[in-house]
Protein chains: 4
Amino acid sequence: MNTNQPNSIPKRKPGRPKVEKSPTKMSILRTGAFLFMEVGYEKVSLESVAKACGITKASVYYYFNNKSELFTECLVAVMTIAHNATATILSEPIPLKDKLIKIAIRQMSNAHLDFESMMRDAAVELSDEQTENIRKAEKKLHDVVHDAFQNAINSGEINNHHSPIVLAHTFVALLTMKNHLNLKQQQIPVEQLVAQLIEILWTGIQNEG
Amino acid sequence: MNTNQPNSIPKRKPGRPKVEKSPTKMSILRTGAFLFMEVGYEKVSLESVAKACGITKASVYYYFNNKSELFTECLVAVMTIAHNATATILSEPIPLKDKLIKIAIRQMSNAHLDFESMMRDAAVELSDEQTENIRKAEKKLHDVVHDAFQNAINSGEINNHHSPIVLAHTFVALLTMKNHLNLKQQQIPVEQLVAQLIEILWTGIQNEG
Amino acid sequence: MNTNQPNSIPKRKPGRPKVEKSPTKMSILRTGAFLFMEVGYEKVSLESVAKACGITKASVYYYFNNKSELFTECLVAVMTIAHNATATILSEPIPLKDKLIKIAIRQMSNAHLDFESMMRDAAVELSDEQTENIRKAEKKLHDVVHDAFQNAINSGEINNHHSPIVLAHTFVALLTMKNHLNLKQQQIPVEQLVAQLIEILWTGIQNEG
Amino acid sequence: MNTNQPNSIPKRKPGRPKVEKSPTKMSILRTGAFLFMEVGYEKVSLESVAKACGITKASVYYYFNNKSELFTECLVAVMTIAHNATATILSEPIPLKDKLIKIAIRQMSNAHLDFESMMRDAAVELSDEQTENIRKAEKKLHDVVHDAFQNAINSGEINNHHSPIVLAHTFVALLTMKNHLNLKQQQIPVEQLVAQLIEILWTGIQNEG
DNA sequence: AATGAATGAGTGTTCATTCAT
DNA sequence: AATGAATGAACACTCATTCAT
C-alpha cells in the first residue's frame with residue numbers, strides 16, 4: 001500500500017491499538033466460568049471474580065457491562081467447549097457405548113454445578129436474549145448427543161424403544177450424578193461410577209441382536 | 001402456675017397428645033420448607049418467610065436461632081415426610097417396578113429443587129452438625145430405597161449385576177429429571193415421563209427370568 | 001371495655017407497641033426535607049441523611065423503602081407546611097398587597113432550591129404516583145394563591161388585565177429570586193428586596209381606583 | 001521542526017486566521033454546553049459528552065484537565081454568546097419594551113436549565129477562579145441589561161422608582177418562568193407568555209408621560 | 001492527537017442478626 | 001410470645017481520573 005497516493009491514504013486508527021483478545025478479558029472469562037460453574041450465579045460476586053484475577057471490580061466492568069452479561073459469555077464459552085469436545089468424541093470410530101463412557105468421564109471430571117440449577121439461579125436477572133444465547137449454546141450440545149442416538153437407532157446399533165430426545169436427556173441427567181455422589185462420604189472413582197451407569201443405560205437400550 | 005393447688009392440676013388429656021410444637025412454629029416450618037424447596041437457600045429471606053406466615057422477622061428468631069437452623073429443621077422435616085411416604089409405598093404388596101413408578105410420580109409431582117443443589121447452596125453457612133442432621137434424614141430415605149433394591153436382588157426379582165447403592169442413587173438421579181425437562185418447551189406429562197424413565201432403568205436391571 | 005367477657009376479649013396486640021409518630025422517622029423527614037431543598041435530589045445521599053440524623057443508612061431504609069419514597073414524603077411535607085402557612089396569611093384581614101409581602105418574606109427566608117429544578121433533578125427516579133403526589137401537594141399551594149388573586153379581581157381590589165393563573169405563577173417565580181441574588185456579592189436584605197419586587201408586580205396589576 | 005531551513009518556513013496564511021481551536025475541542029465545547037444546559041452539571045458524564053462527540057473519554061481529558069474546567073469553558077462560551085445576542089438586540093433602534101420582548105422570546109426559546117440552579121449544582125466542584133470566570137461572563141450579560149435600564153431611566157423612557165439592578169434581576173427572573181410553566185399541563189405559546197410577563201413588568205416601570 | 005486500560009471512591013439497596021420492650 | 005428498632009457487612013453498579021502507548 002502506497003501512502004504517498006494522496007487520495008487513498010489508509011488512515012491508521014489514532015490512539016493506542018487494541019490488543020487482539022485482551023489477556024485480561026480472557027482471564028476474567030476463565031475465572032468467571034470456573035466460579036459460576038463451581039458455586040452458581042448468585043454466590044459469585046464480581047468482587048471475587050476481580051480479586052481472583054488480580055484486578056479491580058471496576059476493571060471487570062470495563063470489559064463487561066454487568067454481571068448477567070459476564071455470566072452469559074462465560075456460560076456460552078463453557079458450553080461451546082463442551083460441545084466441541086463431545087462432538088470430537090462422537091466422531092471417533094468406536095462403538096457408541098464407548099463414546100458415551102468417554103464423554104461421561106470427561107464431563108464428570110470437570111467439577112461443576114448442575115446446569116439447570118444454575119440457570120434457575122440466574123434466571124430472574126438474565127434478559128430474554130441472554131437466556132436464549134445460553135440455551136442456544138446448550139442446544140448445540142444436546143443436539144450432537146441426540147443425533148448420535150438417532151444415528152445409532154437408524155443403524156440398528158441400539159433398539160428403537162425410546163425416543164432419542166428422552167435418551168439424550170437421560171444421558172445428561174446421569175452425568176449430574178457425580179455431584180450427588182461426590183458430596184457424600186462414599187468416594188467412588190469416576191471411571192468405576194461411569195462404567196456402572198452406562199452399563200445400566202446401555203442394557204436398557206441396546207439392540208439384542 | 002402452682003401445680004400444688006389441687007384445683008389446678010393440669011389434667012393430662014387422655015389419648016394421644018397433640019403435637020407439642022406451637023402452631024406458630026409449625027407454620028414457620030411448613031412455610032420455610034416450601035420456600036426453601038421452591039427457590040433454594042440463599043434466595044429465601046427470613047423476611048419473606050415471616051411475611052408468608054403473617055408474623056415478623058423477629059418472631060422467626062424467637063423460634064429459630066438463625067437461618068441455617070431454620071433451614072436444617074425444615075429440610076429434616078421434608079426428608080422425614082418423604083421417607084415415610086416412600087416406605088409406605090415400598091411396603092405395599094406390588095411388584096418393585098410398580099413401587100418405583102409410584103414413588104417417582106409422587107416425587108416428581110412435588111415441585112422442588114434438586115436436593116443436592118440446595119445443599120450446595122446452603123453448604124457454607126451450615127455447621128457440620130447441621131449438615132450431618134440433614135444427611136442423616138436423607139440417608140434414611142436412601143436406605144429405604146437401598147433396602148428395597150437389596151431385597152429385590154436377594155429374592156431374584158432383579159438381577160445382581162449392579163450394587164444396590166448405585167441403583168438407589170441412579171433412581172434418585174432420574175427423579176431430578178423433571179426439573180431438567182420442565183424448564184424447556186417440550187412439556188411431557190409426568191406419568192408418561194416416569195414410565196419411560198423407569199422402563200429404561202428396569203430393562204437394565206430386571207432378571208431375565 | 002370489660003376484659004372479662006369471654007366473647008369480646010379485646011386482644012391487646014402482642015409485642016412491643018409502636019411509638020405514635022416515631023421521633024426517628026420525624027428526624028429523618030425533617031433532615032431529608034432540609035437537605036433536599038438545600039442541594040437537590042441527586043446530591044443528597046442517604047448516607048448523608050443518616051449521618052445528619054446520627055443513625056445508620058440501614059435505619060433510613062427501615063422507615064422508607066427507597067430514596068425516591070423518602071424524597072416524595074419530604075417534599076409533600078414541605079409543600080403542606082408551606083400551603084398551610086400561606087393559607088393562614090391569605091386569610092388575614094389585611095390588603096392583598098400586604099399578604100403577598102408577608103408570604104414572600106416567609107418564603108424567601110427559608111433557604112431552598114427552586115422547586116421545579118429539583119423536580120427535574122429527581123424526575124427520572126420518581127414513579128408516576130410519586131410525582132403525582134408531590135404535584136398534588138404543590139397544586140394546593142398554587143391554588144390558594146390563585147384563589148386569592150381571583151377573589152381580588154372579583155372584588156375589584158386588583159384589575160382584570162391578567163389571568164389569575166399567570167399572576168400566581170408570576171408571583172411564585174418572583175419568590176425564587178432570592179436564590180439568584182443571594183449567591184452573589186450584593187447582599188440585599190430580604191425585606192427590602194421583597195418590597196421592591198412586590199411594588200413592581202403591584203403597580204402592574206392594581207386597580208387605579 | 002527546524003525553522004531555519006529556508007524551504008520549510010511555515011508560511012503564515014494571509015487574511016484573518018482561522019479559529020485556532022481544534023475542531024475536536026470545539027465539538028466538545030458545543031456538545032458539553034448543550035448537555036450541561038439541558039440536564040445540569042452532575043447528570044452530565046464525561047462519557048456521555050465523549051460519546052456524543054464520537055470520541056473517547058480520554059480524548060476529552062486531552063483537551064480539558066477535568067470536568068469542572070470543561071464546565072467552566074462551556075458556560076463562559078454560552079454566556080458570551082447570550083451577551084452578544086442581547087447586546088445586539090439592545091442596540092436596535094426600537095423602544096425598550098420591544099427589546100425586552102425580543103430578548104425574552106429568544107432566551108425562552110432556548111430550552112435550558114435555570115442558570116442559578118446549574119451553578120449551585122456545580123458549585124462544590126468549581127474552584128474559586130472558575131466560579132469567578134463564569135460569574136464574570138454572566139455579569140457582562142447582566143450589565144448590558146442593567147445599562148439599558150439605566151439609559152431608559154436617564155432618558156425618561158421608564159420611571160425611576162426602582163433601581164436598575166433590581167430591574168435587571170427581575171427581568172432575568174421572569175425569563176426562567178418558561179421552565180416553570182412548560183413542565184405542567186397548561187402549554188402556553190412562548191410569545192403569548194412573554195407578552196403577558198413583559199406587560200406586567202412594563203406597567204410597573206413605565207413612565208406615565 | 002487520541003486511545004485502551006485500569007482504578008478508587010462513592011451510591012442505592014438487601015439482609016441476617018441483635019436487643020429492649 | 002412477639003415485636004419495633006437499629007445495625008454491619010456485603011453487593012451491583014457508576015464515574016471522574018490517571019497513565020502508558
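Just so we're on the same page: letters track the sequence lines, and every chain starts at 1. Both backbone and side-chain heavy atoms feed into the values below; hydrogens, waters and symmetry mates do not.
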Is B:Ser22 reaching over with its side chain to a backbone N or O of B:Thr24, donor-acceptor style, under 3.5 angstrom?
-> yes

Rounded to whole Å, the NZ-C1' distance (D:Lys43 to E:dT11) equals 14 Å

Any idea which of E:dG12, F:dA16, E:dT7 is nearest the D:Tyr61 side chain?
-> F:dA16

Are OP1 or OP2 of F:dA10 and a side-chain N or O of A:Ser45 less than 4.0 angstrom apart?
-> no

Any N/O donor-acceptor pair, D:Lys57 side-chain to F:dT17 base, under 3.5 Å = yes

Please tell me which of the listed nucleotides, F:dA6, E:dC19, E:dT7, lies nearest to the side chain of A:Ser59?
-> E:dT7

Starting at the 5' end of DNA chain E, what dot-bracket string do you get if Watson-Crick and G-U pairs under 3.5 Å are bracketed, crossing pairs use [ ], other-strand pairs use | and unpaired bases use dots?
-> .||||||||||||||||||||

Specify the separation, in whole Å, of atom NZ of A:Lys51 and atom C1' of E:dG8.
-> 14 Å

Check for a donor-acceptor pair, side chain of C:Asn133 on one end and backbone N or O of C:Thr72 on the other, with a separation under 3.5 Å.
-> no

For B:Lys25 and F:dA2, what is the distance between atoms NZ and P respectively, to the nearest whole Å?
-> 12 Å

What integer distance in Å separates C:Phe36:CZ from E:dG12:P?
-> 9 Å

Rounded to the Å, how far apart are A:Lys18 NZ and E:dA6 C1'?
-> 15 Å

A:Lys67 with A:Glu125: basic N within carboxylate O range, under 4.0 Å = no

Taking the side chain of D:Ala58 as its heavy atoms from C-beta onward, which of E:dT11, F:dT3, E:dG4 lies nearest to it?
-> E:dG4

Shortest side-chain distance from B:Leu46, nucleotide among F:dC13, E:dA16, E:dG12 | E:dA16

Establish, with yes or no, whether the OP1 or OP2 oxygen of E:dA5 is under 4.0 angstrom from a side-chain nitrogen or oxygen of A:Tyr62.
-> yes

Atom pair distance, as rounded to whole Å: CZ in B:Phe64 and P in E:dT17 = 14 Å

Does C:Val60 or B:Val60 map to a spot on DNA chain F nearer the 5' end, using the closest nucleotide for each?
-> B:Val60

With A:Leu70 as partner, the option from A:Tyr61, A:Phe64, A:Tyr63 fulfilling side-chain contact (heavy atoms from CB on, under 4.5 Å) is A:Phe64

Of all heavy-atom pairs linking D:Leu46 and D:Val60, the shortest is O-CG2, 4.4 Å

Give D:Tyr63 one of three labels, base, sugar-phosphate or nothing, depending on what nucleic acid heavy atoms sit under 4.0 Å from its own.
-> sugar-phosphate

Taking the inter-plane angle between the rings of D:Phe36 and D:Tyr41 on a 0 to 90° scale, is it parallel (under 30°), tilted (30 to 60°) or perpendicular (over 60°)?
-> parallel

Toward the 5' end of DNA chain F, by each residue's nearest nucleotide, B:Thr56 or C:Ile55 | B:Thr56

Using atom CG of C:Leu70 as one end and atom P of E:dT11 as the other, report the distance to the nearest whole Å.
-> 15 Å

Of the nucleotides E:dG4, F:dT17, F:dA5, which one has an atom closest to the side chain of C:Ser22?
-> F:dA5

Separation of atom CG in D:Asn66 from atom P in F:dT18, rounded to whole Å | 8 Å

When we call it a touch if two heavy atoms are under 4.0 Å apart, what does D:Val44 touch: a base, just sugar-phosphate, or nothing?
-> sugar-phosphate

Could you tell me whether a side-chain N or O of B:Ser59 sits under 3.5 Å from a main-chain N or O of B:Ile55, the two making a donor and an acceptor?
-> no

Lys NZ or Arg CZ of B:Lys25 over B:Tyr62 ring: under 6.0 Å, within 45° = no

